[in-house]
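Below you'll find the structure, written out as structure tokens, and then a few comments.
Model, not experiment: these values are computed from the prediction.
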Amino acid sequence: MTYSGEVKVGGPADVHELKDLMITKIAVGPMNNNAYVLRCRATDEQLLIDAANDAHALLGTIGEDGVASVVTTHQHGDHWQALAEVVAATGARTYAGREDAPGIPVATDVPVDDGDVIRVGQVELTARHLVGHTPGSIALVYDDPHGHPHVFTGDCLFPGGVGNTHKDPEAFASLIHDVETKIFDVLPDETWVYPGHGDDTTLGAERPHLPEWHTRGW
């Protein structure tokens, strides 16, 4: 089946099958959060991005193999509602951006800084610190050696714009600067974007709209 990235709360997951990595996307909770289970094909080790809600659904998606790590993209409560239960059930290591870790009520085992590498089996993900939606938001970049990159952006980049900066001009300026310099300026148009809510996109689909995002200020 062709991956679309279109999922609904209560509906089936969608699976993006890459040569070295399987990415399973599921929507959970009242705020339609996306959670992503990444499986290294070589080792079967798994990593979860955002234990957002509905631990039962997440654990069902993870399956009997368990999950070695959980990365929380940022400190907002809708992204960690199921974290305590998932960690209790799996014993997973927890990762979060260093500046946001104090705002997450489950201990962060590994505080993450810009450029840090997080591994799932033999696959490497590079963390990018993006400031503006929260002080410590992180995106994860998988530079697929067999194809184009993939980036998990949390709430920092969506189809149609960057994340909410609550009409704060300084926060918006910071976020769009970081998203441009650390994502758009260094990754190609083919890069697939997996956001924290809603449908996926590509950098190529969004790049032409950067000037209008600057103009409107959100």
Before giving the answer on side-chain hydrogen bond (donor to acceptor under 3.5 Å, both in side chains), spell out for His79 and Asp50 the whole-Å C-alpha distance, their side-chain angles and the decisive distance to 0.1 Å.
CA-CA 6 Å; His79 290 259; Asp50 284 343; 2.9 Å; yes

Please evaluate residues Gln75 and Thr134 with respect to the criterion side-chain hydrogen bond (donor to acceptor under 3.5 Å, both in side chains), reporting the C-alpha separation (whole Å), side-chain torsions for both, the decisive distance (0.1 Å), and the verdict.
CA-CA 7 Å; Gln75 66 183 339; Thr134 66; 4.9 Å; no

Which residues satisfy the ring pair (Phe, Tyr, Trp, His ring centres under 6.0 Å) test with Phe184, sequence neighbours excluded?
none

So if you build clusters from Ile, Leu, Val, Met, Phe, Trp, Tyr with side-chain heavy-atom gaps below 4.5 Å, do Tyr142 and Ile138 land together?
yes

Is it the case that over 12 heavy atoms from other parts of the model lie below 6.0 angstrom from the NE2 atom of His209?
yes

Checking Leu210 against Val179 for the side chain to side chain contact (heavy atoms under 4.5 Å, CB included) test, could you report, in this order, the C-alpha distance in whole Å, the side-chain angles of both residues, the deciding distance, and whether it holds?
CA-CA 10 Å; Leu210 283 167; Val179 166; 5.6 Å; no

Please check if the number of heavy atoms outside Glu212 that lie under 6.0 Å from its CD is greater than 12.
yes

Qualifying residues under ring pair (Phe, Tyr, Trp, His ring centres under 6.0 Å), relative to His76, sequence neighbours excluded:
His74, His133

Would you please test Thr43 and Gln122 for side chain to side chain contact (heavy atoms under 4.5 Å, CB included) and show each step?
CA-CA 7 Å; Thr43 66; Gln122 296 179 5; 3.9 Å; yes

In the structure I gave you, are the side-chain heavy atoms of Leu58 and Ile26 within less than 4.5 Å of one another anywhere?
yes

Checking Phe152 now: which residues fulfil ring pair (Phe, Tyr, Trp, His ring centres under 6.0 Å) with it, not counting sequence neighbours?
Tyr36, Tyr194

Taking a hydrophobic cluster as the set of Ile, Leu, Val, Met, Phe, Trp and Tyr residues connected by side-chain heavy atoms closer than 4.5 Å, whether directly or through intermediates, do Val193 and Tyr3 fall within one such cluster?
no

Under a 4.0 Å threshold between the charged nitrogen and the carboxylate oxygen, would Asp14 count as salt-bridged to Lys25?
no

Is any side-chain heavy atom of Leu21 closer than 4.5 Å to one of Asp144?
no

Is the number of heavy atoms from other residues, nucleotides or ligands under 6.0 Å of Trp213 CH2 greater than 12?
yes

I would like to know whether Thr202 and Asp189 meet side chain to side chain contact (heavy atoms under 4.5 Å, CB included); could you show each step before the answer?
CA-CA 7 Å; Thr202 64; Asp189 283 351; over 6 Å; no

Charged N to carboxylate O below 4.0 Å: is that the case for Arg119 and Glu45?
no

Met31, CE: over 12 other non-hydrogen atoms inside 6.0 angstrom:
no

